[in-house]
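Okay, so here's the structure we're looking at.
Letters A, B, ... mirror the listed sequences (proteins, then strands); counts begin at 1. All of these numbers come straight from a predicted model, not from anything done at the bench.
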Amino acid sequence: MRLSRYFLPILRETPKEAEIASHRLMLRAGLIRQESAGIYAWLPLGLRVLDKVTAIIREEQDRSGAVELLMPTIQSADLWRESGRYEAYGKEMLRIKDRHDREMLFGPTNEEMITEVFRGYVRSYKDLPLNLYHIQWKFRDEIRPRFGTMRSREFLMKDAYSFDLDEAGARHAYNRMFVAYLRTFARMGLTSIPMRADTGPIGGNLSHEFIILASTGESEVHCDKSVLDLSIPTAETDFEDVAGLQKIVDAWTTPYAATSEMHDEAAFAAVPADRKVSARGIEVGHIFYFGTKYSEPMDAKVTGPDGQERPVHMGSYGIGPSRLVAAMIEAFHDEQGIVWPDEVAPFKVALMNLKVGDAGTDEACETLYRALTARGIDVLYDDRDERPGAKFATADLIGLPWQVLVGPKGLAEGKVELKRRATGERVLLSVEDAVLRLSA
RNA sequence: CGGGGCAUAGCGCAGUCUGGUAGCGCAUCUGCUUUGGGAGCAGAGGGUCGCAGGUUCGAAUCCUGCUGCCCCGACCA
């Protein structure tokens, strides 16, 4: 992509409403634009990051055995009356009426709807286990949205719903998601800690929040730091292996780790002092097992091997990609701007022509741009007629992992400069070697 | 929902107290010079001063009502 033809509205000054680093940088780097309180438009660069994040989430959901579908944002109030949540959910739910005065709502979550889909088709235990997920916009009319997309009213959510014949099956479904979540966040370069959590209005008795430690986090958390030394399950993990998955989950849930709502002072006191961590964290995922809470009132039943009909055991599993983008910036930024991990960077390379109009730099840049693009590498080519300083500042702000600096100074010796955004490390290479290095 | 604050050019702000017909920096456009860490000079464009009423010869400024946004708190898969 040529920057001169792209839409990258970066801001030189920080809008006054932005308090935390991620919000400030998302606005400055042209990732998002606020349209109302807690409601944001995703600009081209931000959308690319969001797409990278959801792509990783999809891969890991699919790997664990979940199946993607897509449900609507608008739901019928009647569906929510079946579960009893239409009255219970409160003002956080955006209630709307259509032209026929029918009561509708903008979905804050989809337990009711997925249960409705399930019961419409599934009759036998032979069709289980089943885990259906989608990635869809949600709306929760938060009392006070803040911190940009960290706590917005409209937000993107990956929500998965598992269906099993009994509790043992549901535990396995829960463990699948547990492991998938560990892998998902690790692939984004984040260290997530599963913590025993309150189940909130969704209900049930088994729940973990996946927390990223960050000083700007909204949750207060306590843990044994030995949890940080555990290794992430590999891509070869067998998700059908019930005992194997349970072993992984047991290992991760043995060290003390809890959010403030579930904090147990006595248990925490038993953790050796040098391993105690009390900090703030950002909740990026939350998994629940809630048994037959919805299947019972909504009549989602299957026939078991014994010929008996019984309500299915369910769980739900959420990740907030739009919040994750903000959380990643909290974790990966410096004075100059964002420092994207390779896996989620909107482009891999910032190609910078330091003297547009100079025959030598123009030609070298065109050669690099074509060669890298031909190799399937995402390149943002800064071909604007700007001074070098402005280009450096832009590149550092948007935080692409690699910068290729092409100027008369280097070309005099037949070299371009390759700079790693994260470390500031620079090497001089020929055009050909730069292409090879970036293709590796 | 309680408490506090803000609303003037794309962004950041001054002007409001003490009423006289709107200004600064950055950004944008044009020209010349410049070109390895957000350039310099010269010129130009851009505003229903959040909205609606009211007071006044005259309102960004005073009065009333409303709306939007931000911060603190409580709340929150």
> Under 3.5 Å, is there a donor-acceptor pair between the His286(A) and Tyr317(A) side chains?
Replying inline: no
> Which one, G36(B), C71(B), U34(B), comes nearest to the side chain of Arg387(A)?
Replying inline: U34(B)
> How far does the C1' atom of A42(B) sit from the matching atom of C66(B), given to the nearest Å?
Replying inline: 47 Å
>> Give me the distance, rounded to whole Å, that separates U48(B) from G43(B) when you measure between the P atoms they each carry.
In response: 26 Å
> If you look at every strand shown and take non-hydrogen atoms under 4.0 Å, does Lys391(A) touch a base, only sugar-phosphate, or nothing?
Replying inline: nothing
> Is there a donor on the side chain of Lys419(A) or the base of G37(B) sitting less than 3.5 Å from an acceptor on the other?
Replying inline: yes
> P atom, A39(B) versus A27(B): distance in rounded Å?
Replying inline: 8 Å
> Across all strands, who's sitting opposite G2(B) as a Watson-Crick or G-U wobble pair, both distances under 3.5 Å?
Replying inline: C72(B)
>> I'd like the P distance from A44(B) over to C57(B), given in whole Å.
In response: 39 Å
> Given atom CD of Gln403(A) and atom P of G36(B), what is their separation to the nearest angstrom?
Replying inline: 16 Å
> How long is the line joining CD of Glu386(A) and C1' of C26(B), in whole Å?
Replying inline: 14 Å
>> Students often get this wrong, so: under 4.0 angstrom with heavy atoms, is Ile287(A) touching a base, only sugar-phosphate, or nothing?
In response: nothing
> Between atom CG in Asp385(A) and atom P in C29(B), what is the gap in whole Å?
Replying inline: 11 Å
> Roughly, in whole Å, what's the span from CE in Met93(A) to P in C75(B)?
Replying inline: 21 Å
> In terms of side-chain heavy atoms of Arg146(A), which of G36(B), G73(B), G12(B) is nearest?
Replying inline: G73(B)
> Do the rings of Tyr6(A) and Phe347(A) sit parallel, tilted or perpendicular, given the 30° and 60° boundaries?
Replying inline: perpendicular
>> For a quick check of understanding: with a heavy-atom distance under 4.0 Å over all strands, which category does Thr394(A) fall into, base, sugar-phosphate or nothing?
In response: base
> With both distances under 3.5 Å as the test, what is the Watson-Crick or G-U wobble partner of A52(B)?
Replying inline: U64(B)
> What is the nucleic acid contact for Gly320(A), judged by heavy atoms within less than 4.0 Å: base, sugar-phosphate only, or nothing?
Replying inline: nothing
> Of the candidate nucleotides U35(B), C13(B), C72(B), which contains the atom at the shortest distance from the side chain of Arg144(A)?
Replying inline: C72(B)
> If you find the nucleotide of RNA chain B closest to Leu411(A) and the one closest to Glu142(A), which residue's nucleotide is nearer the 5' end?
Replying inline: Leu411(A)
>> Once you apply a heavy-atom cut-off of 4.0 Å, does Arg426(A) come out as touching a base, just sugar-phosphate, or nothing?
In response: base
>> Using whole Å, what does the distance between atom P of nucleotide G36(B) and atom CZ of Phe392(A) come to?
In response: 8 Å
> Between atom CZ in Arg24(A) and atom C1' in C11(B), what is the gap in whole Å?
Replying inline: 16 Å
> Quick one: Leu405(A) CG to G36(B) C1', roughly how many Å, whole number?
Replying inline: 8 Å
> Would you say Gln34(A) reaches C70(B)'s phosphate, i.e. side-chain N/O to OP1/OP2 under 4.0 Å?
Replying inline: yes
> Taking a pair as Watson-Crick or G-U wobble with both distances under 3.5 Å, which nucleotide is matched to G10(B)?
Replying inline: C26(B)
> Which residue pairs pass the side chain to side chain donor-acceptor pair (under 3.5 Å) test with at least one member in residues 320-331 of chain A, sequence neighbours excluded?
Replying inline: Ser22(A)-Glu330(A), Thr216(A)-Glu330(A)
> Could a donor-acceptor pair under 3.5 angstrom be found where the side chain of Glu13(A) meets the base of G10(B)?
Replying inline: no
> When the C1' atoms of A60(B) and C41(B) are considered, how many whole Å apart are they?
Replying inline: 34 Å
> Just checking Gly318(A): base, sugar-phosphate only, or nothing, at a heavy-atom cut-off of under 4.0 Å?
Replying inline: nothing
> When all nucleic acid strands are considered with a 4.0 Å heavy-atom cut-off, which category describes Ile143(A): base, sugar-phosphate, or nothing?
Replying inline: base
> For the side chain of Asp396(A), counting heavy atoms from C-beta on, which of C71(B), C75(B), G37(B) is nearest?
Replying inline: G37(B)
> Once you round it to whole Å, what is the distance between P of C11(B) and CG of Leu27(A)?
Replying inline: 12 Å
> Does the pair Arg58(A)/Asp51(A) count as a salt bridge with the N-to-O cut at 4.0 Å?
Replying inline: no
> Side chain of Pro388(A): nearest nucleotide among C69(B), C1(B), G36(B)?
Replying inline: G36(B)
> Given the P atoms of C11(B) and C70(B), what is the spacing between them in whole Å?
Replying inline: 14 Å
> Is any side-chain heavy atom of Gln61(A) less than 4.5 Å from a side-chain heavy atom of Met177(A)?
Replying inline: yes
> Is any N or O donor-acceptor pair between the side chain of Arg28(A) and the base of G12(B) shorter than 3.5 Å?
Replying inline: no
> In terms of side-chain geometry, is the basic nitrogen of Arg426(A) or Glu417(A) positioned less than 4.0 Å from the acidic oxygen of its partner?
Replying inline: yes
> Under a 3.5 Å cut-off for both distances, is C32(B) Watson-Crick or wobble paired, and to whom?
Replying inline: G40(B)
> Whom does U21(B) pair with, Watson-Crick or G-U wobble, provided both distances fall under 3.5 Å?
Replying inline: none
> Between Leu400(A), Ile338(A), Leu31(A), Asp378(A), which is the residue that forms a side chain to side chain contact (heavy atoms under 4.5 Å, CB included) with Pro346(A)?
Replying inline: Leu400(A)
>> So if I take every side-chain heavy atom of Lys355(A) and compare against U35(B), C75(B), C1(B), which nucleotide ends up nearest?
In response: U35(B)
>> Roughly how many Å apart are U21(B) and U30(B), using the P atom of each and rounding to a whole number?
In response: 34 Å
>> Taking the P atom in each of G5(B) and U64(B), what is the distance between them to the nearest angstrom?
In response: 15 Å
>> Between Glu59(A) and Arg187(A) (salt bridge meaning N to carboxylate O under 4.0 Å), is one present in this structure?
In response: yes
